[in-house]
**Student:** 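Before I ask anything, let me first share the structure, which is written out below as structure tokens.
All ligand and atom numbering here is 1-based and tracks the order in the structure.
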Amino acid sequence: MTLQQLKTYLSVPRRIAITTHQKPDGDAMGSSLGLAHYLQAKGHQITVIAPTDYPAFLKWLPGKQMVLIAPFQPEKAHRNFRNAEVIFCLDFNVLSRINEFGETVAAAKGFKVMIDHHTFPENFADISLWDEHASSTCELIYRLIAEEWNDKAALTQEIATCLYTGIMTDTGSFRFDNTNARVHRVIADLVDTGIEGHLIHNNIYDTYTEMRLRLWGYCLLNCLKVLPHKKTAYFVIQRKVTLDFMMESGDLEGIVNYGLSMKGVVFSAIILEDEGLVKFSFRSKGSFGVVDFAKNFQGGGHFHAAGGRSLLSLEEAEKQFLAVLAETEVG
Ligand code: 5GP
Ligand code: MN
């Protein structure tokens, strides 16, 4: 099936499930809800299935009532996947990123549409709109609606708000090297619907709780290690710390970039003790890429932003990180 044939298939109302990766970020929820609003306006029946809950700083996005947080209603989530005529998989490209729901999606009969910008896609979908050079999945949703389906007139303020959010968060507010003229043109079209970017920025970045800000302060002061000879900075964050500061989902989102704000540092990482596993976040700049590094930790992502995991203890995970780092030319 092609994207044009999909458009024709969607010319009558369908049951549609939209899903995204676990621990959804701005691009994951922005693309899911942006597409959900577009398809809902066309008369389809939509459920957005989040494999885990999503952070408070995204809960203001329009369309919350369409979201099913799968772990709260797992049977309903599995049923929705099984009954859907079309399943959109947004902002991920390996089914393990949706946890136990991956098997249900793999076995489901509906058409699977993967829209994504991460490297190394798995081949599970019937149709893909995949571009690892796209800034964000939200940019690809814009491309689908405005270019592939030639339906720019259907962009509402709700859709534009969602898509703006994901492009803004995945480009670090339009400053990472995935920001190009095309991104700004897409943003200009979204702003033309009448939305105000500064309000979206405010909703995402100026809504910290006091505890979140203090958690950042604590981590910057006590958990950050710097290895100048390796041009590397990394945080090791114990579970006790996140519990003491009553960390909520997404509270550490973005702190890893502080490592890169130091002169001479091109590689920054977080080694975070989570419930039953250790989670790694990697960021880099310049010619040093982190996606190969992440493969040592069952992970993946993009050239400059990747992640992974380990079942070792925090201490052992740090040793593993340092061992891989010792073998890696950072520069
Ligand atoms: P973050 O550090 O923000 O959790 O993730 C950075 C990037 O790497 C994101 O694009 C995310 O999708 C990807 N990523 C994070 N963790 C994993 C993982 O465990 N596996 C894979 N394949 N990608 C990951
Ligand atoms: Mn993304």
**Student:** Which of the atoms in ligand 1, numbered in the order shown and given with their element, are less than 4.0 Å from a heavy-atom of Ser281?
**Tutor:**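 Here the atoms of ligand 1 in question are 1 (P), 2 (O), 4 (O).
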
**Student:** Validate the cation-pi geometry between Arg214 and Phe245: distance from NZ or CZ to the six-membered ring centre under 6.0 Å, angle to the ring axis within 45°.
**Tutor:**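 No cation-pi geometry.
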
**Student:** What do you reckon, does Lys23 put a non-hydrogen atom under 4.0 Å from ligand 1?
**Tutor:**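 No heavy atom of Lys23 comes that close to ligand 1.
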
**Student:** Looking at atom 11 (C) of ligand 1, what's its closest protein heavy atom, distance included?
**Tutor:**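 Looking only at protein heavy atoms, the one closest to atom 11 (C) of ligand 1 is Arg97 NH2, 3.4 Å.
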
**Student:** Name of the Asp91 N, O or S atom nearest the Mn ion (ligand 2)?
**Tutor:**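 When I compare the N, O and S atoms of Asp91, OD1 is nearest to the Mn ion (ligand 2).
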
**Student:** Closer than 2.8 Å to the Mn ion (ligand 2), do we get an N, O or S atom from His117, backbone or side chain?
**Tutor:**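 A backbone or side-chain N, O or S atom of His117 is under 2.8 Å from the Mn ion (ligand 2).
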
**Student:** So, applying side chain to side chain contact (heavy atoms under 4.5 Å, CB included) with Leu10, which one of His44, Glu85, Gln5 is it?
**Tutor:**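 Exactly one option meets the side chain to side chain contact (heavy atoms under 4.5 Å, CB included) with Leu10, and it is His44.
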
**Student:** Flag the pair Asp151 and Lys7 as a salt bridge only when some basic side-chain nitrogen lies within less than 4.0 angstrom of an acidic carboxylate oxygen.
**Tutor:**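 No, no charged N to carboxylate O under 4.0 Å.
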
**Student:** Distance check below 2.8 Å: does Asp27 bring an N, O or S atom to the Mn ion (ligand 2)?
**Tutor:**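 Asp27 does place an N, O or S atom closer than 2.8 Å to the Mn ion (ligand 2).
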
**Student:** Check His21 against ligand 1 and report side chain, backbone, both or neither, counting heavy atoms closer than 4.0 Å.
**Tutor:**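 Neither; no heavy atom under 4.0 Å.
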
**Student:** Looking at Asp170, which of its N, O or S atoms is the nearest one to the Mn ion (ligand 2)?
**Tutor:**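 Considering only N, O and S atoms, Asp170 comes nearest to the Mn ion (ligand 2) through OD2.
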
**Student:** Assess whether a salt bridge exists between Lys23 and Asp274, defined as any Lys/Arg side-chain N lying under 4.0 Å from an Asp/Glu carboxylate O.
**Tutor:**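 So Lys23 pairs with Asp274 through a salt bridge.
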
**Student:** Using 4.0 Å as the upper bound for N to carboxylate O, is an ion pair formed by Arg185 and Asp189?
**Tutor:**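 No, Asp189 and Arg185 are not salt-bridged.
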
**Student:** Are Glu147 and Arg182 ion-paired here, with the side-chain N under 4.0 Å from a carboxylate O?
**Tutor:**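 Arg182 and Glu147: salt-bridged.
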
**Student:** Among all protein non-hydrogen atoms, which one is nearest to atom 7 (C) of ligand 1, and what is the separation to 0.1 Å?
**Tutor:**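 Protein heavy atom with the smallest distance to atom 7 (C) of ligand 1: Ala305 O, 3.5 Å.
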
